[in-house]
Amino acid sequence: MIVGVPKEIKNNEFRVGLTPQSIKLLVENNHEIIVESNAGVGSGFLDEDYIRAGAKIFNKPQDIFKNSELIIKVKEPQLSETQLLKPDQILFTYLHLASSKQLTEQLLESKCISIAYETITSDLHGLPLLTPMSEIAGRLSIQAGARCLEKHSGGSGILLGGSSYSPPANTLVIGGGVVGYNAALIADGMKSKLTILEKNHERINFLKNEFPRAKILNIDDIIIEDIISDYDLIIGAVLIPGAQAPQIIQKEHLQLMKHSCVIVDVAIDQGGCFETSKATTHEDPTYVIDNVIHYCVANMPGAVPRTS
C-alpha cells in the first residue's frame with residue numbers, strides 16, 4: 001500500500017502523522033511511504049530522518065494526496081485538503097465529526113473512506129487511540145489554566161498552589177475519565193484545592209482512593225448553580241464517545257462565577273461542555289465573556305508534539 005503523510009496545516013499544529021520509527025516498520029512490511037517535505041520538523045524530525053527510514057519526500061501536499069492509497073494525518077482535514085481527497089482513498093486521522101457538520105458533508109462528498117482515531121474501540125471497550133491524547137490534554141489543561149490565572153494574562157492573579165502565606169486556588173474538574181483524571185493529577189500535585197464531578201459510582205470510588213485530599217461529588221447529586229461561585233479554575237472534561245459533549249455550564253452561570261476566573265474546555269473538539277465555548281487556537285487561545293476567561297484550544301496536544 002502507498003501511505004502518504006502530509007504536513008499538518010491547522011493553526012500551530014506541530015504533530016506529524018507518522019514518526020520515522022513507524023515508517024521504518026511499515027517499509028519493512030513492504031509498504032511504500034511518501035512524506036511531505038518538512039512534515040516532521042515541528043516534532044523534531046528532519047526529512048533526512050524519514051529518508052533514512054525508507055520514505056520518499058514530496059514537496060507539495062497535492063502530490064501526497066494524488067499518489068496515496070492511505071492518508072495518515074493527526075488533525076481533521078482543512079478545506080484545502082478535503083478538496084484533494086479521492087473516492088475510495090482511506091483517510092486515517094482524528095475527525096471529531098460530532099462538532100462539524102460542514103466537515104462531515106465535505107468527507108461524504110469526497111467519497112473517501114474516513115476512519116477516526118477517536119472512535120476506534122478495543123475489545124475491552126476502551127479508546128486506545130484517543131486515550132494518549134486525552135491524557136496529554138488533561139495535563140496541559142491545568143498548565144494552561146494556571147497561566148491564564150496570572151494577572152498579565154488577564155486572570156485574577158492567584159497562584160494555583162498558593163504559598164506558605166496564602167491559600168491555593170480552587171479547581172473544579174467536571175468529568176473523571178481520562179482527561180479529568182489527568183487534570184486532577186496535575187492540579188492535586190500543584191496543591192490546588194480540588195473538586196471533581198463524576199457520575200459513575202465505580203469511578204467515584206476510584207477517584208476517592210486516588211485523590212484523598214480532594215472533594216469527589218456525584219454530578220447528579222449537586223446543583224451546579226450552588227457551587228460554581230467557589231472556583232478560580234474550571235476544567236471541562238466530559239466525553240461521550242462519538243457524540244457531542246453535553247453543555248454542563250450555561251451562559252447564565254457565568255454571572256455567578258468569580259471575576260476573572262478561568263474555564264478550560266478540553267471537550268471543545270466534540271462541541272464543548274460550556275454553552276459559551278467556541279474553538280480557539282494556540283495563536284489566540286482565549287477570549288472573555290462576562291468577565292470569565294475561556295480557553296478552548298481545539299488541538300491542545302499540538303503544543304507538545306514530541307510528547308504527543
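The figures here come from the full heavy-atom set of this structure, side chains too, leaving out hydrogens, waters and symmetry mates.
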key: Of all pairs that satisfy ring pair (Phe, Tyr, Trp, His ring centres under 6.0 Å), the ones with a partner from residues 230-284, not counting sequence neighbours   = none
Within-4.5 Å side-chain heavy-atom neighbours: Asp290 and Lys251 = yes
message = For the backbone of Leu25 and the side chain of Asn29, can you confirm whether one donor and one acceptor N or O come within less than 3.5 Å of each other?
response = yes
request  = Identify the heavy atoms of Leu103 and Pro77 that sit nearest to each other, and give their distance.
outcome  = CD1-O, 3.7 Å
key: From NE2 (His294) to SG (Cys148), nearest 0.5 Å   = 11.5 Å
request  = Output the distance between atom CD1 (Ile158) and atom OG (Ser192), rounded to the nearest 0.5 Å.
outcome  = 8.0 Å
ask   = Do Ile33 and Lys56 come within less than 4.5 Å of each other through their side chains, counting heavy atoms only?
value = no
task = Flag the pair Glu135 and Arg139 as a salt bridge only when some basic side-chain nitrogen lies within less than 4.0 angstrom of an acidic carboxylate oxygen.
result = yes
query = Do Ser134 and Thr131 meet the criterion of a side-chain donor-acceptor pair at a distance under 3.5 Å?
reply = no
task = With side chain to side chain contact (heavy atoms under 4.5 Å, CB included) as the test, would you mind laying out the steps for Asp188 and Glu210 before giving the verdict?
result = CA-CA 10 Å; Asp188 190 59; Glu210 289 288 305; over 6 Å; no
ask   = Does Gln89 reach the main-chain N or O of Cys112 with its side chain, forming a donor-acceptor pair under 3.5 Å?
value = no
task = Could you tell me whether Asp269 and Lys75 have a side-chain N and a carboxylate O separated by less than 4.0 Å?
result = yes
query = For Arg15 and Asn299, what are the C-alpha separation, side-chain angles and deciding distance, and is it a side chain to side chain contact (heavy atoms under 4.5 Å, CB included)?
reply = CA-CA 10 Å; Arg15 289 173 289 179; Asn299 59 325; 3.9 Å; yes
Sidechain-backbone polar pair: Ser43 side chain, Phe14 backbone, donor-acceptor under 3.5 Å = yes
message = Assigning hydrophobic clusters by single linkage (Ile, Leu, Val, Met, Phe, Trp, Tyr; side-chain heavy-atom cutoff under 4.5 Å), is Leu85 placed with Tyr94?
response = no
ask   = So, Tyr117 side chain and Leu95 main chain: donor-acceptor pair closer than 3.5 Å or not?
value = no
ask   = Would Met300 and Leu233 show up in the same hydrophobic cluster when neighbours are defined by side-chain heavy atoms closer than 4.5 Å?
value = yes
ask   = Say you draw a straight line from CE of Met1 to CD of Glu32; how long is it, rounded to the nearest 0.5 Å?
value = 12.0 Å
inquiry  = Any non-hydrogen side-chain atom of Leu207 less than 4.5 Å from a side-chain atom of Tyr181?
reply    = yes
remark   = One should read off an interatomic distance between Ile289 CD1 and Leu254 CG, to the nearest 0.5 angstrom, of 7.0 Å
task = Can you measure from OH (Tyr287) to SG (Cys296) and round to the nearest 0.5 angstrom?
result = 4.0 Å
key: Shortest non-hydrogen contact from Arg147 toward Ser153   = O-OG, 3.1 Å
key: Lys86, NZ atom: more than 12 neighbouring heavy atoms under 6.0 Å   = yes
message = Asn218 vs Lys199, test: side chain to side chain contact (heavy atoms under 4.5 Å, CB included). Steps then yes/no.
response = CA-CA 5 Å; Asn218 190 318; Lys199 66 188 305 179; 4.1 Å; yes
query = Same cluster or not: are Ile115 and Met133 linked, directly or through other Ile, Leu, Val, Met, Phe, Trp or Tyr residues, by side-chain heavy atoms under 4.5 angstrom apart?
reply = yes
query = Hey, is CD on Glu283 packed in by over 12 heavy atoms from elsewhere, all under 6.0 Å?
reply = no
ask   = Can you name the nearest heavy-atom pair linking Ile2 to Asn67, along with the distance?
value = CG2-O, 3.2 Å
ask   = Taking the side chain as C-beta and beyond, is there a heavy-atom pair between Leu239 and Leu127 under 4.5 Å?
value = yes
inquiry  = For Glu252, I'd like to know if atom CD has over 12 heavy atoms of other residues, nucleotides or ligands within 6.0 Å.
reply    = yes
query = Any side-chain heavy-atom pair from Val3 and Ile23 closer than 4.5 angstrom?
reply = no
request  = Kindly work out whether a path of hydrophobic side-chain contacts (I/L/V/M/F/W/Y, heavy atoms less than 4.5 Å apart) joins Ile90 to Leu108.
outcome  = no
note = Of Thr276, Asp265, Leu256, Ile228, the one forming a side-chain contact (heavy atoms from CB on, under 4.5 Å) with Ile249 is Ile228
Heavy-atom closest pair, residues Asn170 and Asp230 = ND2-O, 2.9 Å
ask   = Would you find a donor on one side and an acceptor on the other, under 3.5 Å apart, between the side chain of Gln250 and the backbone of Ile248?
value = no
Rounded distance [0.5 Å steps], OG in Ser141 versus CG in Asn182 = 9.0 Å
ask   = Counting only heavy atoms not in Ile223, do more than 12 sit closer than 6.0 Å to its CD1 atom?
value = no
inquiry  = Quick check: is Ile71 connected to Leu18 through a chain of hydrophobic side chains (ILVMFWY, heavy atoms under 4.5 Å apart)?
reply    = no
task = Tell me, yes or no, whether the heavy-atom count around Lys193 atom NZ, taken from other residues, nucleotides or ligands under 6.0 Å, exceeds 12.
result = no
Exam field: side chain Thr121 to backbone Thr119, donor-acceptor pair closer than 3.5 Å = yes
query = Would you call Arg52-Asp49 a salt bridge at under 4.0 Å N-O?
reply = yes
ask   = Taking side chain as C-beta onward, heavy atoms only, is Val292 less than 4.5 Å from Ile234?
value = no
query = What do the steps show when you test Leu97 against Leu107 for side chain to side chain contact (heavy atoms under 4.5 Å, CB included), and what is the final call?
reply = CA-CA 10 Å; Leu97 295 179; Leu107 292 175; 3.9 Å; yes
inquiry  = Within a 6.0 Å radius of atom CD on Glu69, are there more than 12 heavy atoms belonging to other residues, nucleotides or ligands?
reply    = yes
note = Closest non-hydrogen atoms of Pro128 and Pro132, given as atom of the first, atom of the second and distance, are O-CD, 3.1 Å
ask   = Short question: side chain of Glu8, backbone of Val74 - any donor-acceptor pair under 3.5 Å?
value = yes
ask   = Does the Glu36 side chain pair with the main chain of Asn38, one donor and one acceptor, at a distance under 3.5 Å?
value = no
request  = Write down the atom of Glu198, the atom of Asn200, and the distance for their closest heavy-atom approach.
outcome  = OE2-N, 3.0 Å
ask   = Can you find a pair of side-chain heavy atoms, one from Tyr50 and one from Val16, that are under 4.5 Å apart?
value = yes
inquiry  = Is it the case that the side chain of Ser308 and the backbone of Val304 share a donor-acceptor pair, with hydrogens and angles ignored and the cut-off at 3.5 Å?
reply    = yes
Heavy-atom side-chain proximity of Val262 to Asp232 below 4.5 angstrom = no
